[in-house]
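The next block holds one structure in the form of structure tokens; read it before the comments.
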Amino acid sequence: MSKNFQEAVLNIVKQIPEGKVTTYGAIAREITGSVRAARAVGHAVAKNPYPIVIPCHRVVRSNGDVGMYSLGVDKKIKLLRVEGIEIKGRKVVNIEKTLFYFNF
DNA sequence: CCCATGACTAATT
DNA sequence: AAATTAGCCATGG
């Protein structure tokens with residue numbers, strides 16, 4: 001396990017494969033067991049240690065909205081599209097199909 | 001230790 | 001379907 005929250009978040013984000021996405025809440029659940037730390041997860045990746053290297057652009061909101069990004073929302077959307085994810089407006093199309101599920 | 005902040009969420013309007 | 005609201009939590013000052 002990780003010694004701090006941010007590291008835990010980044011370790012999980014690194015597991016997200018190309019073409020898939022996850023949500024802030026899901027990551028929070030992986031770490032704390034509850035969706036309540038979702039906001040803290042966002043705060044953690046916001047520090048953004050290594051943009052692109054760590055695919056934090058594959059983390060979106062629970063309602064499918066792409067959410068924020070340190071390099072700009074446009075950049076985030078662009079990256080996701082390049083990876084084969086369909087986005088309409090600011091939302092991921094058919095997010096249920098695109099979600100990556102961690103195995104316990 | 002208290003307070004403000006934010007890449008969020010769920011529920012309500 | 002879009003906007004508001006209240007709740008939550010890890011940081012930093």
Side-chain angles (χ1 to χ4, degrees):
Chain A
M1 287 299 291
S2 321
K3 39 185 175 58
N4 60 68
F5 188 79
Q6 180 177 23
E7 186 180 334
V9 172
L10 299 181
N11 279 330
I12 290 180
V13 171
K14 282 192 294 189
Q15 299 177 42
I16 311 172
E18 184 175 320
K20 292 284 184 179
V21 299
T22 191
T23 68
Y24 297 93
I27 295 177
R29 244 186 354 261
E30 279 293 301
I31 302 176
T32 68
S34 164
V35 71
R36 290 187 256 116
R39 205 163 188 176
V41 170
H43 199 206
V45 293
K47 296 302 172 58
N48 203 17
Y50 314 101
I52 312 296
V53 178
I54 296 181
C56 35
H57 56 279
R58 299 185 187 139
V59 186
V60 301
R61 291 190 182 178
S62 61
N63 64 349
D65 193 297
V66 295
M68 303 290 118
Y69 192 54
S70 63
L71 305 182
V73 179
D74 294 342
K75 181 73 175 175
K76 186 169 184 176
I77 293 177
K78 198 175 219 175
L79 287 168
L80 290 174
R81 284 192 171 135
V82 167
E83 300 185 351
I85 295 175
E86 189 182 352
I87 297 178
K88 177 156 189 174
R90 292 195 158 180
K91 292 201 172 188
V92 175
V93 176
N94 199 357
I95 187 174
E96 298 86 23
K97 284 280 193 181
T98 332
L99 275 175
F100 170 65
Y101 297 95
F102 306 97
N103 346 309
F104 352 141

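Bear in mind the structure is a predicted one, so any value in this text is a computation, not a measurement. Every chain is numbered from 1 and lettered A, B, ... according to where its sequence line falls, protein lines coming before strand lines.
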Please tabulate, for the side chains in residues 44-54 of chain A, all donor-acceptor contacts under 3.5 angstrom to protein atoms that are two or more places apart in sequence or on a different chain.
| unit_1 | atom_1 | unit_2 | atom_2 | d |
| --- | --- | --- | --- | --- |
| A:Asn48 | ND2 | A:Ser70 | OG | 2.4 |

Could you state the interatomic distance from [atom1] ([X]) to [atom2] ([Y]), rounded to the nearest 0.5 Å?
{"X": "A:Gln6", "Y": "A:Asn11", "atom1": "CD", "atom2": "CG", "result": "10.5 Å"}
{"X": "A:Gln15", "Y": "A:Phe100", "atom1": "CD", "atom2": "CZ", "result": "6.0 Å"}
{"X": "A:Ile31", "Y": "A:Glu7", "atom1": "CD1", "atom2": "CD", "result": "10.5 Å"}

> Out of A:Leu71, A:Leu80, A:Ile85, which residue meets the side-chain contact (heavy atoms from CB on, under 4.5 Å) rule with A:His57?
Replying inline: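 For A:His57, the side-chain contact (heavy atoms from CB on, under 4.5 Å) check succeeds only for A:Leu80.
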>> Out of the candidates A:Val21, A:Ile16, A:Thr23, only one should pair with A:Val59 under the side-chain contact (heavy atoms from CB on, under 4.5 Å) rule; please name it.
In response: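 Running side-chain contact (heavy atoms from CB on, under 4.5 Å) over A:Val21, A:Ile16, A:Thr23 with A:Val59 returns exactly one hit, A:Ile16.
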> Quick one: how far along DNA chain B does chain A reach, first to last nucleotide 5' to 3', anything under 4.0 Å to a heavy atom?
Replying inline: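 Span of nucleotides near chain A: B:dG6 to B:dA10.
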>> With salt bridge (Lys or Arg N to Asp or Glu O under 4.0 Å) as the rule and sequence neighbours excluded, what pairs involving residues 57-85 of chain A come up?
In response: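 Counting only pairs at least two positions apart or across chains, the salt bridge (Lys or Arg N to Asp or Glu O under 4.0 Å) contacts touching residues 57-85 of chain A are A:Arg58-A:Glu83.
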> In residues 88-96 of chain A, which ones come under 4.0 Å of DNA chain B, going by heavy atoms?
Replying inline: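 None - not one residue of the stretch has a heavy atom sitting under 4.0 Å from the strand.
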> When every nucleotide of nucleotides 3-13 of chain C is labelled 5' to 3' by its protein contacts under 4.0 Å (heavy atoms), B for base, S for sugar-phosphate only, - for none, what sequence of letters results?
Replying inline: ----BBBBSS-
> Which part of the nucleic acid, if any, lies within contact of A:Ser70, taking any heavy atom under 4.0 Å across all strands shown: a base, the sugar-phosphate backbone alone, or nothing?
Replying inline: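 The residue A:Ser70 makes base contact.
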>> Heavy atoms only, 4.0 Å cut-off, all strands: where does A:Asn48 land among base, sugar-phosphate and nothing?
In response: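 The residue A:Asn48 makes base contact.
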> Of all heavy-atom pairs between A:Thr98 and A:Asn94, which one has the smallest distance, and what is that distance?
Replying inline: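 Taking every non-hydrogen atom into account, OG1-O, 3.0 Å.
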>> Listing request: all side chain to side chain donor-acceptor pair (under 3.5 Å) pairs with a residue in residues 32-44 of chain A, at least two apart in sequence or in separate chains.
In response: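 Residue pairs passing side chain to side chain donor-acceptor pair (under 3.5 Å), neighbours aside: A:Ser34-A:Arg36.
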